[in-house]
Amino acid sequence: MLLNQFLLLSAILFSIGTYGVIVRKNGVLVLMSIELILNAVNINLIAFSTYWGLGGQVFALFVIAVAAAEVGVGLAIVLLIYRNRRSIDIDTLDELKG
Amino acid sequence: MSNLLAAAASTSFAAPANVAFAVLAVFMIAAAVRVVTTKNVVHAALWLVVVLGGVGINYLLLQAEFVAMTQFLVYLGAVVVLFLFGTMLTRAPLGVSDDLDNNQRGLGIFVGVLLFVVIAFATITMFTNDKLTFEAYDGRVTTAGSNGRTQAVSDAIFGSYLIPFEVVSVLLLAALIGAIVLARRD
Amino acid sequence: MWFFTHVWIIPALMVLSFLVILLFGKRMPKKGSEIGILFVGIAFVLALATGANWWTWSRGGPEVTGKASEAAALSHVQKECAPVAAKEYEESQEEGKAEAAESKGTKEKSGEGAFGRSVAAKASEKGGEPEIATRPVVRCLTWFHTGDDVMTVGTLVDGQSVLMLIVVTLISLLVHIFSTDYVGGDRRYTHYFAFLSLFTASMLFFVLSESTLQMIVGWELVGVCSFALIGHWWEEKPNTDAALKAFLTNRVGDIGLLVGMSVLFFGAGRSFSVLDVNILANEGAIRHVVLLVAACCLITAVMSKSGQFVLHTWLPDAMAGPTPVSALIHAATMVVAGIYLVARLYPVFFSGLSIAGSSVNLLAVIGAVTALFGALLAFVQKDIKKVLAYSTVSQLGFMVCSLGVGAWTAAMFHLFTHAFFKACLFLGAGSLSHACHHSFNMVDDMGGLRKIMPRTFWTYVIATGALAGIFPLSGFWSKDEILAGTGSFPGTEGANGSYHFMLVMMLLAAFCTAAYMTRTIWYAFFGEFRGHGHPHESGPRITVPLMILATLGAVAGLANLPPSLQIIDVPSGVATRFEKFVEPVGLYFPAISHAGFNLGLALLSLGVGISGIVVSYLYFWKGSFRWAQGLSSRNKLAGRGKKFLENKYYLDWLYTDVIVRFVKYPLANAANWFNQNVLDGVVNGVGRGAVGTGRWVYDNVDQKVVDGTVNGIGAGASGAGGVLRHLQSGRIQQYAALFFIAAAVLTGVFVVAIG
């Protein structure tokens, strides 16, 4: 198997995830797109781990753990937003508008 | 075993690993596209499941069994459930809803394409025709280039990478407490 | 020698007199006239003393031989005043000393020791007396200096100046005495005497000048005093007009004076010293053309001041002043300032006009023309003073002509004698008018005064005879010497050139002089009295000066008897005493030759004078030439001729109506038009152009370009802000998109550049 096929797959998933982050209005869906990105990265790491050594797998494990924690906190924030505004439309969160 | 390994290492299209990968890749990409384009929030979550599962099977193809298991457990078991809980708790519109995309589709496509082009260019120029080699498990713990078995991984975690491990655990703790604090009602 | 070095006291005394009269005159019992008379009397005495001193000095007299070493050691020319002269005199002194050391005891040549090479060079010409170089005494102070040029003011004493000192102070004294009676009770009596003193001081200052700059100052000063005195009764407009005319006409000539003196200054190597200029001109160190130009310029000055033809128009009008003033200024002293100037700077004229050996030159022509034309004008005057004024013009023409033909001593001698008899004539006219209610119109207001005013009559007759040149009165000798000097009469020898035209003109002028003076005597003293009132002889203060002057006018001729009268010889001690006194010999005077006495010429001039008297006598007394009476009204040519003379050759018309009017109206208007339209137009145009340019620049450059740039920058900034603020939309996803783009770009850069 070529290394590149995994890397390209990872790239495709990463791009799709980025598209989703930018396009999706619902906060939860944004978080899902972020998951996509993280998983694409993980594929990359594991593919390189096969190529170069064990560090990639260890890193990928940590990424999984951190991603989980991040989703949790992110959803908590979304919940708070929902409680305060009655909607989780990210487009309406433009208080930092300059 | 060795011919399997050899088969795995070969790049011919007819090798089973390649076929499996090709099928898997198609599924995964389709599912990922559906995640970001579907008009149903719950469907998006379900498609995400497909993607995450496909990722795990990719790990298996790459002989990272421990990571694959962890992937299945954590992501499919916990994260997706979280997502579904989040969907429900935030009264996400169930069923088909048109109001899930903002009007930045062009920008999004542009960014995605740009990123893909850059990464693809980089990877193709750097790693053209680099083959992945698979070695038989020979019981040795950690060798450079070994495909890694669970034992090797655990030895690495609790050996070389102990401190990151501890830090991650603290991080998880912080995240746990943070999530609870944030989400409690008072 | 003390008098020579202290001769400045004489003018200073008169200045002091002027100041004292101005300050204290009104309070004095005689209203200031006594101060004037006192000071001028002292000045006269001092002048006589100086003259006596000069008499011995010029002959190398006992004063020098007695203190030979002291006098020889005393430099008579101060070095700062005339450096060239001082150097030359020192050199000649050294030479003379060497010669004296060699030839001691030879009294004839250089018995007195330190005298110049001219001693040996000039053997005695006249009667065996050695010719001694004149030693002028020069003293000066530094007036101011600019750069390397030093202007000095000081005194130059030689025979000429001493002669003028005596003449001026004497006439001034007599005029002062005359004035106490004539202008007694005048509205500005004190002021009059003050100005008489000032005039005397100015004239003395002029006469003693040792630098050309000083001469200019003196010249102008006497002009100013003349102006003040002519306009003494300025309440009547004709008097002020006459004063202005005198001053302005003199001004025209002064242009020539200034230019001429400047030319001489540069020609003589930047020196104002009279002595230096003369020595340099005499030696030929100044280029001929420079001398010619300077001479011509100075001749214009002489024309105006000494009333030569075309610039003489002011002199007759100047008779508007009081008669003593006319006697002093316009007969004896001021008008001869021009003659004195030429005589003083004679080397310039002698070399510049090439007087020797030619038969015509500018000076002689002007003099001769003036002599005749002035005399012609005297025939048509009714005013006795005007007759005398034209007579003065004519006689001044004689003097100028004499200088022009090279008869220098003759000119000075004529100046000397003319001062006496002309002053006598003027004062006589004053005495006449004093008796005729201040009228000078001899035709209408006088007549038959012979018996009533005998003293006036006889002095007038003697003075007229002198003027006409009747033997043995002084005029005969001086006029004959002039005529001999022209060198034109066959048989005269020793003249400098042969000026035929001048001789003819002067003989005609002499004829006219005798004729019109006889006419005056007829109108004033003979016939019936035509005026009103009862005339009587004037008092002693008037008649005594008249008598003194008449006496002098009679005997002054004996001062310059020629050495040989062709039939008898004159003893050498008596002959040419005047010449020896006055004429300089030496470095600073050209070697002119003196014409000898010619009996034929003398008889001719005497005959001309007598025939003039006879013709007038026949016409007026005997009533002959009936056909000539009323000729001017019957004959058109004669009438036009008379009208021409009456209008003074239309010169006044030319000056006033043509020249001045041209300047006043067309020229001034043209200049004004030029100024207003062209010059101001240019200036205004430039101004308007500047304003227009400014406006254009403001509108286009300032408003559009500069402000446009500034505004553009502002608009650009705000526009950029307007555009860039969309970056901060507050929307997270946009920020995220930007992150990703940036990351992709960076990665691309790294990959491409490094990879």
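Chain identifiers are assigned alphabetically (A, B, ...) following the order of the sequence lines, protein sequences preceding nucleic acid strands; residue numbering begins at 1 within each chain.
Taken from CZ in B/Phe21 to CG in A/Leu2, the straight-line distance is 9.5 Å, to the nearest 0.5 Å. For the atom pair OH (A/Tyr19) and CG (B/Leu115), the distance works out to 14.5 Å, reported to the nearest 0.5 Å. Taking CD1 of B/Ile109 as the reference point, atom OG of A/Ser15 lies at 12.0 Å (rounded to 0.5 Å). Taking CG of A/Leu61 as the reference point, atom OG1 of B/Thr70 lies at 5.0 Å (rounded to 0.5 Å). Going from atom CG of A/Asp91 over to atom CD of B/Gln104 covers 7.0 Å, rounded to the nearest 0.5 Å. Atom CD1 of A/Ile46 and atom CG of B/Leu62 lie 7.5 Å apart (nearest 0.5 Å).
In terms of heavy-atom pairs under 4.5 angstrom with chain B, the leader among A/Asn42, A/Ile90, A/Ile77, A/Val21 is A/Asn42. Between chain B and the options A/Val73, A/Ile16, A/Leu7, heavy-atom pairs under 4.5 Å are most frequent for A/Ile16. Most heavy-atom pairs under 4.5 Å with chain B, from the set A/Lys25, A/Gln5, A/Glu35: that is A/Lys25. Among A/Val58, A/Asn39, A/Leu9, the residue with the largest count of heavy-atom pairs under 4.5 Å with chain B is A/Asn39. Ranked by non-hydrogen atom pairs under 4.5 Å with chain A, the options B/Val33, B/Thr38, B/Val41 are led by B/Thr38. Heavy-atom pairs under 4.5 Å with chain A were tallied for B/Leu48, B/Ile29, B/Val118, B/Leu100; the largest tally goes to B/Leu100. Of the residues considered (A/Thr18, A/Leu36, A/Asn26), A/Leu36 shows the highest number of contacts with chain B, using heavy-atom pairs under 4.5 Å.
With a threshold of 4.5 angstrom between heavy atoms, A/Ala40 does not approach chain B through any atom at all. Heavy-atom distances place both the backbone and the side chain of A/Leu3 under 4.5 Å from chain B. Residue contact with chain A, scored on non-hydrogen atoms closer than 4.5 Å, is absent for B/Ile180. The contact between A/Ile88 and chain B is made entirely by side chain atoms (from C-beta outward), counting heavy-atom distances below 4.5 Å. With a 4.5 angstrom heavy-atom cutoff, A/Leu13 touches chain B only via side-chain atoms. Using a 4.5 Å cut-off between heavy atoms, B/Val51 contacts chain A through its side chain alone, with no backbone atom that close. Both the backbone and the side chain of B/Ala45 have a heavy atom closer than 4.5 Å to some heavy atom of chain A. In this structure, the portions of A/Ile12 lying under 4.5 Å from any heavy atom of chain B include both its backbone and its side chain. Residue B/Ala78: no heavy atom, backbone or side chain, is found under 4.5 Å from chain A.
Taking 4.5 Å as the limit, some side-chain heavy atom of B/Phe165 sits within range of a side-chain heavy atom of A/Phe62. Side-chain atoms of B/Thr90 and A/Ile81, non-hydrogen and from C-beta on, never get closer than 4.5 Å to each other.
Of all heavy-atom pairs spanning B/Leu182 and A/Ala76, the tightest one is CB-CB, 3.8 Å. Across all their heavy atoms, A/Arg83 and B/Ala183 have their closest contact at NH2-O, 2.5 Å. Closest heavy-atom contact between A/Ala68 and B/Val74: CB-CG1, 3.9 Å. In plain terms, the two heavy atoms of B/Val36 and A/Gly20 that are nearest each other are CG1-CA, 3.5 Å. Heavy-atom minimum distance, A/Leu75 versus B/Leu82: CD1-O, 3.3 Å. Smallest separation of non-hydrogen atoms from A/Ile43 and B/Met28: CD1-CE, 3.8 Å.
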Test side-chain contact (heavy atoms from CB on, under 4.5 Å) on A/Tyr82 and B/Leu89; report intermediate values, then the result. CA-CA 9 Å; A/Tyr82 175 75; B/Leu89 282 173; over 6 Å; no
Please evaluate residues A/Leu38 and B/Tyr75 with respect to the criterion side-chain contact (heavy atoms from CB on, under 4.5 Å), reporting the C-alpha separation (whole Å), side-chain torsions for both, the decisive distance (0.1 Å), and the verdict. CA-CA 11 Å; A/Leu38 285 167; B/Tyr75 269 115; 4.0 Å; yes
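Between the side chain of B/Arg91 and the backbone N or O of A/Arg86 there is no donor-acceptor pair closer than 3.5 Å. A donor-acceptor pair under 3.5 Å links the side-chain atoms of B/Asn102 to the main chain of A/Ile22, judged by distance alone.
Taking the six-membered ring where the residue is Trp, the centroids of B/Phe127 and A/Phe48 are separated by under 6.0 Å.
No side-chain donor from either of A/Gln57 and B/Tyr59 sits under 3.5 Å from a side-chain acceptor of the other.
The number of heavy atoms from other shown groups lying within 6.0 Å of CZ (A/Phe59) does not exceed 12. Annotation: B/Arg105, atom CZ; neighbour count of heavy atoms from other residues, nucleotides and ligands within 6.0 Å does not exceed 12.
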